[in-house]
Amino acid sequence: MKKWHYFFISTFLLISCSANNTSLFLSSSGCEHLIVIDQRKEPTCYEIGLTEGKHCAKCNLIIEKQEIIPPSHNYKLTNIYLEKVKDITKAGDFKCARCQNKIIKEISYEDINIPIITIEGNLNTINKENKTKLKITYQDKKKIESIVTFKLQGSSSLAYPKKNYNIQFLDENDDKRKVLLNENWSKQNKYCLKANYIDYSQARNVVSAKIYGDIVHYRNLNDEINNLVNGGAIDGYPVLIYNNDNYLGLYTLNIPKDKWLFNMKDKKPNSILMAKEWSKSCFLQEEINENFSNGWEVEYCGNDDINSLRNNFNKVINEIKNNDFSHIYVDRAIDSMLYTMLIGARDNYSKNILWASFDGSNFLPSVYDLDATWGINWDGKSFSKYNEYLINDILSSWNCNELWKKLFQNYPLKIVSSYFSLREGPLKLDNILNKYNSFINSIDKVIYQTESKKWPNMPSQKENNIVQIESYIVQRINLFDKYFKEMKNAYNK
């Protein structure tokens, strides 16, 4: 046999054996290598490990060398310090899951898989009217340092010890600076740090909003909110916040009720109105007064013509009284109404509704401030039963907006059809439960425990958990299914 022919065969002919992790290999040296797999060895806390390797059982030739894996502990966070510990900042106790060794070290994003925001400066100087400039560091897989303006956010929440903040990023010239904090949001300059003080689970506001976003996208209507990040509802995720290295608490970083929530542009006749009180005007029973003081707040007006905005929305209010929905997105209005009723958002029957317009004339309602939902009441101190605040009760309630009453009078079959369509999609029981479980399970129990220590007066800490949420959801949905089946049967007779 020619030498090159022998070399070709000896180098490339591989005959595999299925037993004992071995294979035969003809080499140029003449050895029919019997390849043995050297098993990977995991390291322990004090002993090295080895990567997988290969060698010949006949001639001991090393075909793939095993590499050393250094010993390492498997540390898990067991406690977060509420104040500084000597020179250690953002410190916590860590215990090795294998050998129980304990250490104190600085908490990082990798330890908790939740972004960490450190604020440098005095938060006590911040109020709702004036902005205060402070420095922050945002740390997840990336690190962003910036000057940020802080302003208190909310209304009733202003009385709580744990505050909400609207923040805006600035560059070195004090101009607005867009930063990318979330890949799904694109670069933005304004965000909201939500304390969720009444909701110990931290889940209701964000998860309920995410489900509403699912509803908007599920409909796939050809309108301005169909392709928005979360369908015109806020989005958010958990963050851990420190102030001057002292632990401040668990928050969510949210999209604010700002123009970018609806992707609106300046110099355009678009706008966002916020119904913020239980007033006759927010019930859509009387017009907005000249200075919007009867329950309204202009969140955004692209062309700064708030007089036209008020006049156009007053036109809508008067049309609704006469069963005219010419300037209302009826499908979106039905969906937001059904969802608000289902989740038991009693605080949202007329207030906490965002009214958005993309042309100054036509309006759609969107949900907002969904922390008092799925059974928990507005102050977080008590819970409603799943069979309270049912549809007939809501429609006869003193604080139910006029639009809902008129929709039930004029579109009963459309409402029934919409409900069961949503139940086949985003309102499937598994979809709702999975979203809540996923959010709550993403937050380590240690962080919840630390929240209790930091804010011991947060209401309903023992009762407000995934068990309560799941129980309410299941029973509430079953009750609504029964109601709409009976409604459907009544109209089909």
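Counting from 1, the numbers follow the sequence of the chain as shown.
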Next item on the list: For S208 and N205, indicate whether the former's side chain and the latter's backbone hold a donor-acceptor pair under 3.5 Å.
Entry: no
Notebook entry, point to check: Atom CD in E277, atom OG in S350: separation rounded to 0.5 Å?
Noted result: 10.0 Å
Next item on the list: Classify the side-chain pair Y109/N113 by whether it contains a donor and acceptor separated by less than 3.5 Å.
Entry: yes
Check: Do the two ring centres, one from Y75 and one from F94, sit under 6.0 Å apart?
Finding: no
Notebook entry, point to check: In terms of side-chain geometry, is the basic nitrogen of K143 or E145 positioned less than 4.0 Å from the acidic oxygen of its partner?
Noted result: yes
Item checked: Donor-acceptor contact present, side-chain N243 to main-chain G121, <3.5 Å -> yes
Notebook entry, point to check: Would K259 and D266 pass as an ion pair if we require N to O under 4.0 Å?
Noted result: yes
Notebook entry, point to check: Is there a side-chain contact between M264 and I272 (heavy atoms, below 4.5 Å)?
Noted result: yes
Check: Backbone N or O of D175 within a donor-acceptor pair of the N173 side chain at under 3.5 Å?
Finding: no
Next item on the list: Take K163 and K128, measure what side-chain contact (heavy atoms from CB on, under 4.5 Å) needs, and give me the verdict at the end.
Entry: CA-CA 11 Å; K163 307 297 185 185; K128 190 173 176 64; over 6 Å; no
Next item on the list: Work out which heavy atom in N312 is nearest to a heavy atom in G360; give both atom names and the distance.
Entry: ND2-O, 2.7 Å
Item checked: Heavy-atom check, side chain of I215 versus side chain of L427, under 4.5 Å -> yes
Notebook entry, point to check: Is a side-chain donor-acceptor pair under 3.5 Å present for N437 with E470?
Noted result: yes
Next item on the list: Please report the closest heavy-atom contact between Y237 and N254, naming both atoms and the distance.
Entry: N-OD1, 4.4 Å
Notebook entry, point to check: Is a side-chain donor-acceptor pair under 3.5 Å present for N362 with D359?
Noted result: yes
Next item on the list: May I ask you to decide if the ring planes of Y472 and W374 are parallel, tilted or perpendicular, using 30° and 60° as cut-offs?
Entry: perpendicular
Notebook entry, point to check: When the aromatic ring centroids of Y329 and F363 are compared, is their separation below 6.0 Å?
Noted result: no
Notebook entry, point to check: Between the main-chain N or O of P365 and the side-chain N or O of R332, is there a donor-acceptor pair closer than 3.5 Å?
Noted result: no
Notebook entry, point to check: Salt bridge check: are K142 and D140 linked by an N-O gap of less than 4.0 Å?
Noted result: yes
Next item on the list: For N392 and Y483, test the side chains for any donor-to-acceptor distance below 3.5 angstrom and give the result as yes or no.
Entry: yes
Next item on the list: Please answer whether the main-chain N or O of Y212 pairs with a side-chain N or O of H217 as donor and acceptor at a distance below 3.5 Å.
Entry: no
Margin query: Looking at N377 and G380, would you say the former's side chain and the latter's main chain have a donor-acceptor pair under 3.5 Å?
Written below: no
Checklist line | NZ/NE/NH1/NH2 to OD/OE distance under 4.0 Å, K162 and E451 | finding: yes
Notebook entry, point to check: What closest approach, in Å, do S421 and Y218 show between heavy atoms, and which atom pair accounts for it?
Noted result: O-OH, 3.0 Å
Item checked: NZ (K321) with more than 12 external heavy atoms under 6.0 Å -> yes
Notebook entry, point to check: Counting heavy atoms not belonging to K315, are there more than 12 under 6.0 Å from its NZ?
Noted result: no
Next item on the list: For this output row, return yes or no: ring centroids of W404 and F283 closer than 6.0 angstrom.
Entry: no
Next item on the list: Could you grab the distance from atom CD of E224 to atom CG of L364, nearest 0.5 Å is fine?
Entry: 7.5 Å
Item checked: Test item: Q468 and F383 side chains (from C-beta on) under 4.5 Å apart, heavy atoms -> yes
Check: Do K405 and F408 come within less than 4.5 Å of each other through their side chains, counting heavy atoms only?
Finding: no
Notebook entry, point to check: Salt-bridged, D199 to K194, with N to O below 4.0 Å?
Noted result: no
Next item on the list: Might you point out which heavy atoms bring Y300 and K265 nearest each other, and give the distance in Å?
Entry: OH-O, 3.0 Å
Checklist line | Shortest non-hydrogen separation from V229 to I255 and the atoms involved | finding: CG1-CD1, 4.2 Å
Check: Between CG of N323 and CD of E402, what distance do you get to the nearest 0.5 Å?
Finding: 9.0 Å
Next item on the list: I would like to know whether Y419 and V416 meet side-chain contact (heavy atoms from CB on, under 4.5 Å); could you show each step before the answer?
Entry: CA-CA 5 Å; Y419 175 79; V416 172; 5.9 Å; no
Next item on the list: Starting at CE of M274, measure out to NZ of K351 and round the result to the nearest 0.5 Å.
Entry: 7.5 Å
Note to self: Checking the side chain of N322 only, and the main-chain atoms of N318 only, is there a donor and an acceptor separated by less than 3.5 Å?
What the structure shows: yes
Note to self: Check this for me: does any side-chain nitrogen of one of K435 and D214 sit under 4.0 Å from a carboxylate oxygen of the other?
What the structure shows: yes
Checklist line | Main-chain N/O of E286 paired with S281 side-chain donor or acceptor, under 3.5 Å | finding: yes
Check: Do other residues, nucleotides or ligands put more than 12 heavy atoms under 6.0 Å from the CH2 atom of W278?
Finding: yes
Item checked: Ring-face cation of K90 near Y81 (centre distance under 6.0 Å, axis angle within 45°) -> no
Checklist line | Sidechain-backbone polar pair: N291 side chain, S293 backbone, donor-acceptor under 3.5 Å | finding: yes
Next item on the list: Would you please classify the geometry between the Y200 ring and the Y448 ring as parallel, tilted or perpendicular, with 30° and 60° separating the classes?
Entry: tilted
Note to self: Side chains of L82 and K453, heavy atoms from C-beta outward: is any pair under 4.5 Å?
What the structure shows: yes
Item checked: Those residues that, when tested against S146, pass side chain to side chain contact (heavy atoms under 4.5 Å, CB included) (two or more places apart) -> V148, F169, R177
Item checked: Single hit among T252, D371, N196 for side chain to side chain donor-acceptor pair (under 3.5 Å) with Q202 -> N196
Notebook entry, point to check: What do the steps show when you test Y160 against N164 for side-chain contact (heavy atoms from CB on, under 4.5 Å), and what is the final call?
Noted result: CA-CA 9 Å; Y160 301 143; N164 303 326; over 6 Å; no
Notebook entry, point to check: When you check the side-chain N and O atoms of N189 and Q168, is any donor under 3.5 Å from an acceptor?
Noted result: yes
Margin query: For a quick test of reading the model, state the closest non-hydrogen atom pair linking C282 to N294 and the distance between them.
Written below: SG-O, 4.4 Å
Margin query: Do D111 and S108 pair up side chain to side chain, a donor and an acceptor below 3.5 Å, judged on atom types alone?
Written below: yes
Check: Are D93 and L77 side-chain neighbours, meaning at least one heavy-atom pair lies under 4.5 Å?
Finding: no
Margin query: Using the rule given for side-chain contact (heavy atoms from CB on, under 4.5 Å), can you reason through L123 versus L248, listing the C-alpha separation, both sets of side-chain angles and the distance that settles it, and then say yes or no?
Written below: CA-CA 11 Å; L123 290 174; L248 189 63; 3.7 Å; yes
Note to self: What's the separation between atom OG1 in T132 and atom OH in Y165, rounded to the nearest 0.5 Å?
What the structure shows: 10.0 Å
Margin query: Strictly below 4.0 Å, N to O, side chains only: are D174 and K133 in salt-bridge contact?
Written below: yes
Notebook entry, point to check: Is there a side-chain contact between S357 and F262 (heavy atoms, below 4.5 Å)?
Noted result: no
Notebook entry, point to check: Side chains of E297 and L273: closer than 4.5 Å at any heavy-atom pair?
Noted result: no
Check: Could you state the interatomic distance from CD1 (I241) to CG (L253), rounded to the nearest 0.5 Å?
Finding: 8.0 Å
Next item on the list: Could you tell me whether the side chain of D235 and the main chain of N184 form a donor-acceptor pair under 3.5 Å?
Entry: no
Next item on the list: Report the C-alpha separation of K414 and D331 in whole Å, then their side-chain angles, then the decisive distance to 0.1 Å, and conclude whether the salt bridge (charged side-chain N to carboxylate O under 4.0 Å, His left out) test is met.
Entry: CA-CA 9 Å; K414 187 178 182 66; D331 290 312; 2.9 Å; yes
